[in-house]
A.B. asks: 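Have a look at this one before I ask anything.
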Amino acid sequence: MACRTDRGLSQFMSRKIRRVRCLFTGIVQGVGFRPYIYRMATNYSLGGFVCNIPEGVVAEVEGTAPQIEAFLSAVPKELPPAAALTALSNTDVSLLGETEFQIISSRAEGNKAVLIAPDIAVCENCLREFRDPGDRRYRYPFINCTDCGPRLTIIRDVPYDREKTSMACFPLCPQCRAEYENPANRRFHAEPNACPSCGPKLWLTDENGTPFSDDFNDPIAKAIELLSKGKILAVKGLGGFHLAVDATDEGAVRRLRSRKYREEKPLAVMVRDLEAASKIAEIGDRERKLLFSPQRPIVLCRKRGAKEIAPSVAPGVPDRGIMLPYTPLHYLLLENTLSALVMTSANQSDEPICIGNREALKRLKGIADAYLLHNRDILVRCDDSVATVTQGKTFMIRRSRGYAPKPIPLLRSCPNVLALGPQLKTTLCILKGNLAYLSPHIGDMDTPEARKFHQESLQLMERIAQCRPDVLACDLHPAYYTTRLAEELPHRTVLRIQHHHAHIVSAMAENGLTGKVIGLAMDGTGYGTDGTAWGCEFLLADEVDFQRAGHLRPYPLPGSDRAVREPWRAAVSLLRESYGEFWREIAGNLPLKDHAPHFELLDKMMAHGLNSPPTSSLGRVFDAVAALLGIRQVVNFEGQAAMALEAMASAPAEKTYTFDIFEGDRIVLDLRPLIRAIVQEQLSGREPQKIASDFHRTLSRALAAVTAKIRMRTGIEKAVLSGGCFQNRILLDSVARELEQEGFAVYLHRDLPPNDGCIALGQAVAAAARMERQEAGR
Amino acid sequence: MDHDRILLEHGGGGLLSHELVTGIFLPLFRNACLERLEDSAVITLGDRKLCFTTDSYVIDPLFFPGGDIGSLAVHGTINDLSVCGGKPLMMSAGFILEEGFPMEDLRRISRSMAEAAQKAGVSIVTGDTKVVARGAADGLFINTSGVGIIEYPSPLSVASIEPGDAVIVSGTIGDHGATVLSKRRELGLISEIRSDSAPLNGLIGSILEASPNVHCMRDPTRGGLGAILAEIAAQSGFRITIEETKLPVREEVRGICEILGFDPLFLANEGKVAVFCSPADACLILDKMKNHEYGRDAALIGFVGKRNGEGLILNTSVGGSRVVDLPLGELVPRIC
Ligand SMILES: [Fe+3]
Ligand SMILES: [Mg+2]
Ligand SMILES: [Zn+2]
Ligand SMILES: [Zn+2]
């Protein structure tokens with residue numbers, strides 16, 4: 001009986017007809033969204049229509065209730081690669097009896113409320129055509145469709161319309177126009193749509209910008225020939241120029257390094273395919289997915305099989321940065337002869353990536369031997385993104401191409417705020433409603449180019465977010481460029497947010513946390529509320545404010561910023577803290593003894609506080625330990641010693657060293673016993689690999705132990721992890737594990753990196769929360 | 001930036017000093033002469049143009065290789081007058097002495113003042129002495145003021161700088177700052193560095209005589225060459241580009257800076273002048289300097305660019321470039 005009733009009911013249900021009106025908002029225009037809805041609706045045998053409206057895309061679907069439900073649950077799951085939903089709402093409307101589904105072309109196309117999509121790697125469908133000798137776009141380097149190709153990097157203004165992109169100067173040929181106007185076509189309103197007869201063209205020039213006349217017809221073949229000979233090629237890509245050399249050619253890589261003054265920073269490698277990738281790095285399931293994702297970031301994978309790649313590509317670091325081709329041009333370059341290319345953003349040392357043909361010829365003079373150019377202008381700079389896999393999840397190191405400017409959804413609505421970001425690895429952020437718009441990676445604010453890029457990014461993001469906040473957020477550090485800029489800009493309110501509070505609030509916002517948490521900000525340095533350089537901070541924080549509940553016992557940093565380049569200085573300081581006046585004898589037996597002639601002077605500097613600011617930086621502790629173990633005394637870039645130390649710590653930890661915790665008003669972590677243990681083991685000849693592993697474990701225990709003490713005082717069980725030190729995956733994994741074992745709910749960043757790339761979001765949200773509190777208090 | 005108390009950095013010659021001047025003194029003392037914020041006030045009396053300046057000296061140690069607080073106090077005021085195009089005429093000297101200060105030291109310092117003034121051809125024509133109780137001052141402070149006469153036809157000021165101007169410095173930078181650092185008793189450094197403390201009226205006089213196309217001059221004292229160039233770039237709106245490889249720096253100074261973590265660009269000089277002049281006269285002026293005892297290591301270090309608000313740009317020895325910001329006068333690491 002029961003059985004029959006159920007069947008009767010379901011038969012009745014399936015006969016029930018509904019008509020539902022759906023509103024999709026987010027990145028839904030110019031990304032093949034309407035053809036997608038058309039396909040889905042047809043699959044589920046639904047009638048109705050889909051069209052663009054100013055707020056996004058609206059669809060009405062009519063059919064049986066189960067089909068409608070299946071449609072509604074399927075739509076968000078299989079979105080086109082470039083699309084992103086920020087909201088989906090649906091309401092039942094009265095039936096019209098429609099059984100056919102159609103795409104309605106509307107004149108409200110590309111309205112301002114619609115978001116700009118990031119740039120997307122060339123899709124499978126386009127690649128198929130690209131490889132088909134019968135296709136009219138066979139081997140065409142600028143093939144794209146609504147599922148793929150450039151977006152952000154070609155916009156001059158919003159809304160996203162061909163006339164407002166750098167494609168404006170390429171009138172569509174009749175065939176391309178037909179595709180562009182046909183709602184059922186994959187290229188319907190694909191703004192960068194083009195073909196060999198109407199679209200951008202490629203050419204190759206020598207070092208002076210003069211085209212190679214004889215090889216004009218096949219610039220690719222000539223480019224490959226030059227690369228195979230070890231030449232340095234500047235390649236105009238999606239978000240800027242790359243400098244490319246054959247990654248298997250040690251001589252070429254060295255030449256690139258010496259010309260680019262980038263002596264040891266690891267260089268990213270673009271490999272032909274997965275096979276080539278697996279030869280040079282450990283590619284797990286997750287890494288593979290990330291490598292093949294439409295965003296195509298550089299993925300940091302543990303190194304392996306050194307012989308296929310030139311040793312100086314990434315010396316002394318545990319990982320290799322690998323990416324797959326993401327533009328048709330890349331596929332052409334890596335087609336047959338070459339299997340791996342070093343692809344590093346084209347600029348001098350720490351400047352932003354360069355984008356214009358003329359700019360490249362000027363700025364890369366003396367670096368590039370030849371230029372592979374084209375005439376589709378890059379209008380917005382966008383560096384390659386960098387990501388890694390940890391704890392089974394994607395973990396960002398640099399969020400830029402493929403991700404920006406897709407807004408980060410917040411769980412609640414905020415007042416409008418503009419956050420200018422920190423000094424290094426800067427991004428800026430506009431908060432509007434429940435969305436946070438982060439700019440592409442801008443970089444270090446020390447160069448005039450970066451400052452100009454910051455201004456450009458500010459204007460761009462204001463246009464993309466359609467918002468000009470008059471509340472401004474910046475760092476507490478008075479010497480940061482962004483802080484000085486905040487003082488100059490004509491805004492109503494400037495709120496200064498402490499660096500590590502911004503770190504924690506950023507991770508909180510990504511996880512939708514609003515109440516009190518224990519924030520572990522493990523960092524290089526940031527300006528503290530007491531004017532000293534903080535960096536190993538346990539903050540009892542909410543969005544508005546924080547208390548410094550615990551921190552590392554401060555130690556002097558002799559030479560200030562100089563100590564960042566010379567890890568032996570931090571080592572000397574920690575030895576002095578750990579051994580008192582006997583430190584020099586101890587240090588004289590350690591690998592930093594080369595610097596012994598300066599020990600006396602550094603001791604006096606620290607004793608008299610001459611250019612030796614006190615700091616609680618954890619980053620510098622990593623530097624110090626690397627120096628104590630003889631791994632590095634001097635570095636070429638920030639974090640190099642810490643990365644080398646991480647690379648050494650690959651063996652499982654065997655023991656835990658000791659550390660002290662002092663409980664006063666604040667909880668102070670004292671790592672002097674750990675330093676003494678490391679010194680003892682180093683002196684007794686234990687392998688540095690083992691010491692490095694045990695150092696990581698001990699540090700993780702220590703951080704977890706301090707967190708547990710704070711929980712005893714406060715009862716708070718949420719631990720939020722941020723700060724540049726958490727780029728170290730061993731540290732991140734073990735701290736997260738220790739905290740989970742202690743019963744904490746542990747929160748990490750999701751879409752943003754733990755380094756200073758996350759600061760702008762934290763500044764913005766903290767400032768917004770303060771504004772709200774002020775309003776509420778009124 | 002709000003501070004409710006004076007910090008040491010307010011006297012450091014950096015951004016905070018600047019804020020003190022523009023935030024407190026300038027609005028209260030406001031007048032056309034002061035507003036220019038140049039090293040000296042320029043006053044017109046009939047058909048005569050005079051310049052007038054004052055400076056106080058509170059250094060530690062009082063004696064250092066190459067000079068002492070006395071010679072420094074004379075040179076400082078002479079140089080402030082000279083960079084405004086003034087020929088120094090006369091000076092005043094005020095002393096604030098701490099109870100118990102050794103008479104012998106005072107004699108020695110006064111003798112060195114007299115010698116410095118004589119060598120520069122300037123008379124000390126008036127003075128003042130105050131003694132304060134032990135602890136109320138640190139040994140000895142000196143204030144000097146000076147008056148000079150300006151005969152150079154065109155005005156020397158930031159406002160006269162033009163795009164394309166050459167930037168010349170009269171010698172090695174950071175010598176005085178490095179000397180004072182190296183003589184800080186507690187560091188126990190042994191070095192051969194001497195302060196560059198010197199009167200520049202002769203050197204500057206010979207330049208002004210040779211070229212009618214000098215536009216602006218500054219003596220890069222406290223805050224160093226970096227601070228004055230950054231300040232001029234900010235005031236004028238012009239981009240100023242300098243080449244790191246062209247900066248004259250003594251090996252010993254470089255060594256001390258490297259170990260202590262300082263930048264010679266921001267160390268004090270007491271006998272150097274930075275000159276902005278039309279590029280056509282750069283060689284001539286360089287030549288004049290190199291033939292003068294206080295300008296032997298003079299160098300052309302850069303040029304004035306467009307008026308684009310980019311500030312002071314340093315092209316580094318490794319091929320990059322960075323913006324040199326006005327130092328804050330405090331040293332908290334910026335690296336994260
Ligand atoms: Fe940070
Ligand atoms: Mg003065
Ligand atoms: Zn495609
Ligand atoms: Zn076409």
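So that the names make sense, note that chain A is the first sequence line, chain B the second, and so on, each numbered from 1.
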A.B. asks: Check the orientation of Trp568(A) and His595(A). Use parallel for under 30°, tilted for 30 to 60°, and perpendicular for over 60°.
C.D. replies: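 Geometry flag for His595(A) against Trp568(A): parallel rings.
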A.B. asks: Counting only heavy atoms closer than 4.5 Å, note whether Glu600(A) contacts chain B via side chain, backbone, both or neither.
C.D. replies: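 Contact with chain B: none, neither part.
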A.B. asks: With a 4.5 angstrom heavy-atom cut-off, which part of Pro448(A) approaches chain B: side chain, backbone, both or neither?
C.D. replies: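 Contact with chain B is through both the backbone and side chain of Pro448(A).
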A.B. asks: Given a strict heavy-atom distance threshold of 4.5 Å, which part of Ile259(B) is in contact with chain A: side chain, backbone, both, or neither?
C.D. replies: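 Both parts, backbone and side chain.
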A.B. asks: Which atoms of Arg565(A) come close to chain B, meaning under 4.5 Å heavy atom to heavy atom: side chain ones, backbone ones, both, or neither?
C.D. replies: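 Neither part; nothing is under 4.5 Å.
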A.B. asks: Could you label the plane-to-plane angle of the Trp534(A) and His500(A) rings as parallel, tilted or perpendicular, counting under 30° as parallel and over 60° as perpendicular?
C.D. replies: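 Judged by the thresholds at 30° and 60°, the geometry between Trp534(A) and His500(A) is parallel.
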A.B. asks: Taking the six-membered ring of Phe238(B), is the NZ or CZ of Arg307(B) close enough (under 6.0 Å from the centre) and on axis enough (within 45°)?
C.D. replies: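 Because its charged atom sits under 6.0 Å from the ring centre and within 45° of the axis, Arg307(B) does stack over Phe238(B).
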A.B. asks: Name the residue from His749(A), Gln727(A), Lys425(A) that meets the side-chain hydrogen bond (donor to acceptor under 3.5 Å, both in side chains) definition with Asn755(A).
C.D. replies: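 The single option meeting the side-chain hydrogen bond (donor to acceptor under 3.5 Å, both in side chains) with Asn755(A) is Gln727(A).
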